[in-house]
Amino acid sequence: MIVCIAEKPSVARDIADVLGAKQKKDGYIEGNGYQVTWTFGHLCTLKEPHEYTPAWKAWSLSSLPMIPPRFGIKLIEDSGIQKQFQTIERLMQAADEIINCGDAGQEGELIQRWVMQKAGAHCPVKRLWISSLTEEAIREGFAKLQDQSQFQSLYEAGLSRAIGDWLLGMNATRLYTLKYGQNRQVLSIGRVQTPTLALIVNRQQEIKHFVPKQYWELKTVYRDTTFSAIVRKSDEELAEEAAQANASGNKKKSQDDNRGIPPITDEATGKALLERISQAPFTVTDISLKKGTEAPPRLFDLTSLQVECNKKFAYSADMTLKLIQSLYEKKVATYPRVDTTFLSDDIYPKCPKILEGLKDYTAYTAPLAGQKLIKSKKVFDNSKVTDHHAIIPTGVQPHGLTDMEKNVFDLIARRFIAVFYPDCKFSTTTVTGKADDIEFRVSGKQIIDPGWRVIFAKEPKEDTKEGEEESVLPAFTKGESGPHTPMLNEKWTQPPKPYTEATLLRAMETAGKLVDNEELRDALKENGIGRPSTRAAIIETLFKRHYIRKERKNLIATPTGVELIGLIHEELLKSAELTGIWEKKLREIERRSYDAKQFLDELKQMVGEIVHSVLSDNTNRRVTVVQEELVRKEAEKKKKAPATKRTKKTATPAKESQSVLPEGDAIIGMKCPLCGKGTILKGKTAYGCSEWKNGCTFRKPF
């Protein structure tokens, strides 16, 4: 008998259908020589400190650092999990062969390996590796089963990550709680969580201590067109441009390009310049027309999809992950937990069929039908694809999607169609003029052939600047001259913007370096913090711990979050750059270019150094206990102040009833106090509403 083990019941059902296993049993499906069973995500976890030695049960500084000689796993304490594990154990003990059908990624590998270890499986194990759950993909995957040994490095990377998180999380949380906490307040520290919080706190401090500087802009209007004075760049700006050019391999700009007047930092200088040019005519000195092309936007990886959904629909990273996971399980999109925006060459022949399956987009796919599809190196590149390719549609016609799922699917489908359209062609006209030897410039962009842009034509422009750039300039002639109307505008430098989930995800991906250049971002991804699949959970953890809160779309650190980062002097704990180096090593373990033992030895040494450093702190610092519940209620009161009679009726009782809900699992099955439609379910970290897919945001942490 061959035992197949999937990560959840719905995936097991899909696999059983393809294999011809039809008999439903308690905890598995049998038939045609197969028994298909499942986990519910993680069934096993690393043991708690006290399970290694009773001395570690009580929290005490003298027992730190806690470093077990050998790590062990245990079943998660849950009656449903234990019952399912007994079924899995019985099937595996009698199996002739096991096929690991877990999610094709680091976490999926770890989940199933731990279950097989715990169950004492001793027969040969094969691995199913697929990127979508369509019948065709499952059949193809079973035709190309690989030996489990091929994925040993993937398991070692997942195990190193789990042990690393345990070592740092358990030791640092106890260390900081005992040293700096008050009134039984737990100060949670994590390998990725703390540097992420530090990004938000540091940005907040930059905003708080920002000193605005006044400056002036010199402009003039000639023939109803506003020209801006060319301003010389500072040495800092030039250095930054040179660094970006080097990183992305672009040609360095010559020093001659940096011409113009110095920045105007006092009004007297500005007025003198204004007076000077108002006496002179304006003369057009140069007109340049540059034709250019713009390639279609990249396909989505998980992070870019979460960024786009946050910008367009204000979905949280966690919500987007749940929606794309649901689309994957409904067979309409490919595997979501990916960090590449490329496809492998073997996907190219399948693309016409996928396009044909997008029935709701025939207006855009019809021009491609029967044509040889464009094959761009910016889309198809084997060297940029490891385990999985970018997120694309599978070609299966979607049915029964919620409005939120439709929004996400629409983004994926349009991006996929767009990569087979020609580049957008445009021309940029730049007109330069002079008034008393002071140079002015204006640019206008005109779309000659929209190409792929027709697919996004109905979307509003994201910012007005782009819209202005696309305005067509009047026809100017070199050498023409005439009167003009100069003006001097007072401006102030602006502080950096607070992080939103979209910009925080980008910062996590590039270890705090916010860059727009896609090639440069790809290079920095290697040192990003967290994995695409875990970043949403990290942000949710910060909310749950009351270290951050949301103001509109902005993420704001709470006083507790700010104080916690202020307390941490150890750069290893809060530096996104240093954490990014650890992440890079985990990726190298996966690629067999770094040793897992060395990684863990380094981590153990780091934990020892942190413990020593904190214990040596003789100051009497403490984190203030902030009643976050009170802060939240105050914020809600402010929000509700202008509520109309119509909203008062539904909104107020819902919040009141939420506060008197029973504790623990007694809440399960009750009517949702927020939307009134759904019932309360138990999630991994909190109770939620069954209507979450339709937008209900009810959450009650455990």
Side-chain angles (χ1 to χ4, degrees), residues 65 160-161 163-173 175-176 179-180 187-209 240 243 247 303 339 496 498-499 503-515 520-521 523-532 534-535 537-539 541-542 545 547-548 555 557-558 560-589 594 598-617 621 623:
S160 300
R161 179 180 295 277
I163 291 174
D165 287 342
W166 190 102
L167 278 169
L168 204 63
M170 290 288 184
N171 282 291
T173 297
L175 179 68
Y176 274 82
K179 183 78 177 171
Y180 304 117
L187 300 178
S188 171
I189 307 278
R191 191 178 55 83
V192 181
Q193 168 195 317
T194 306
T196 305
L197 175 60
L199 286 173
I200 298 167
V201 170
N202 293 342
R203 174 62 57 88
Q204 215 157 293
Q205 297 299 339
E206 283 174 42
I207 295 166
K208 184 181 173 184
H209 298 119
E240 197 174 317
T303 302
D339 60 359
Y499 281 115
T503 55
L504 182 63
L505 284 164
R506 280 287 182 228
M508 291 174 80
E509 185 181 53
T510 55
K513 294 181 178 69
L514 276 181
V515 289
L520 186 55
R521 200 157 61 218
L524 289 168
K525 269 185 185 183
E526 193 71 7
N527 282 33
I529 61 174
R531 285 180 77 79
T534 60
R535 287 177 192 139
I538 294 291
I539 296 170
T541 298
L542 293 175
R545 306 267 187 230
Y547 291 161
I548 63 170
L555 301 179
T558 63
T560 308
V562 173
E563 282 197 42
L564 179 58
I565 295 302
L567 270 177
I568 299 171
H569 289 172
E570 294 68 38
E571 281 301 306
L572 283 163
L573 279 181
K574 61 179 180 180
S575 161
E577 224 160 317
L578 289 168
T579 306
I581 293 165
W582 291 100
E583 288 287 347
K584 186 170 186 275
K585 288 177 179 176
L586 284 163
R587 286 175 180 84
E588 287 171 352
I589 291 168
Y594 199 79
Q598 190 180 340
F599 172 79
L600 292 174
D601 286 345
E602 287 173 12
L603 236 165
K604 287 170 186 175
Q605 186 184 340
M606 170 185 154
V607 168
E609 285 168 6
I610 289 167
V611 170
H612 177 72
S613 167
V614 171
L615 292 181
S616 306
D617 178 10
R621 296 175 297 159
V623 168

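Just so you know, residue 1 is the first one in the sequence shown, and it goes up from there.
- The backbone N or O of Ile568 lies less than 3.5 Å from no partner atom in the side chain of Tyr176, so there is not a single donor-acceptor pair.
- With salt bridges taken as basic N to acidic carboxylate O contacts below 4.0 Å, none links Glu588 and Lys585.
- Scanning both residues, Asp617 and Lys179, for their nearest heavy atoms gives O-NZ, 2.8 Å.
- Taking CG of Leu168 as the reference point, atom CE of Met170 lies at 11.5 Å (rounded to 0.5 Å).
- A donor and an acceptor atom, one from each side chain of Thr541 and Gln193, are nowhere located under 3.5 Å apart.
- Summarising the geometry, atom CG belonging to Leu603 is positioned 7.5 Å from atom CZ belonging to Arg191; distances are rounded to the nearest 0.5 Å.
- Using modelled atom types, no side-chain atom of Thr534 and backbone atom of Gly530 make a donor-acceptor pair closer than 3.5 Å.
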- prompt: Would Met606 and Leu167 count as a side-chain contact (heavy atoms from CB on, under 4.5 Å) if you check the C-alpha gap in whole Å, the side-chain angles of each, and the deciding distance to 0.1 Å?
  reply: CA-CA 10 Å; Met606 170 185 154; Leu167 278 169; over 6 Å; no

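- Residues Thr173 and Ile189 approach most closely at OG1-N, 3.0 Å, considering heavy atoms.
- For Ser160 against Ile589, the heavy-atom pair with the smallest separation is OG-CD1, 3.9 Å.
- Atom OG1 in Thr196 sits 10.0 Å away from atom OH in Tyr499 (nearest 0.5 Å).
- With contacts defined as side-chain heavy-atom distances shorter than 4.5 Å, the pair Pro496/Arg203 qualifies.
- Applying the ring-ring contact (aromatic ring centres under 6.0 Å, His included) rule to Trp166 yields the partners Tyr52, Phe71; only residues at least two apart in sequence or on another chain are considered.
- The heavy-atom pair separating Thr194 from Ser188 by the smallest distance is OG1-O, 4.5 Å.
- When every heavy atom of Gln204 is checked against every heavy atom of Leu555, the shortest pair comes out as OE1-O, 4.4 Å.
- Under a 3.5 Å cut-off, the side chain of Arg506 and the backbone N or O of Thr303 do not form any donor-acceptor pair.
- At least one side-chain heavy atom of Met508 sits less than 4.5 Å from a side-chain heavy atom of Ile538.
- Side-chain contact between Ile581 and Glu577 is absent, with no heavy atoms from C-beta onward closer than 4.5 Å.
- Residues Ile610 and Asn171 fail the side-chain proximity criterion, which asks for heavy atoms closer than 4.5 Å.
- The two residues Trp582 and Phe599 come nearest to each other via the heavy atoms CE3-CE1, 3.1 Å.
- Remark: Leu175 CG to Tyr180 OH distance equals 7.5 Å, nearest 0.5 Å.
- Atom CD of Glu609 is surrounded by more than 12 heavy atoms from other residues, nucleotides or ligands within 6.0 Å.
- Under a 4.0 Å N-O distance rule, the pair Lys574/Glu570 does not qualify as a salt bridge.
- Rounding to the nearest 0.5 Å places CD1 of Ile200 at 5.0 Å from CG of Leu504.
- Going from atom OG1 of Thr510 over to atom CD1 of Ile529 covers 9.0 Å, rounded to the nearest 0.5 Å.
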field: side-chain contact (heavy atoms from CB on, under 4.5 Å) assessment of Val201 paired with Gln205
entry: CA-CA 6 Å; Val201 170; Gln205 297 299 339; 4.2 Å; yes

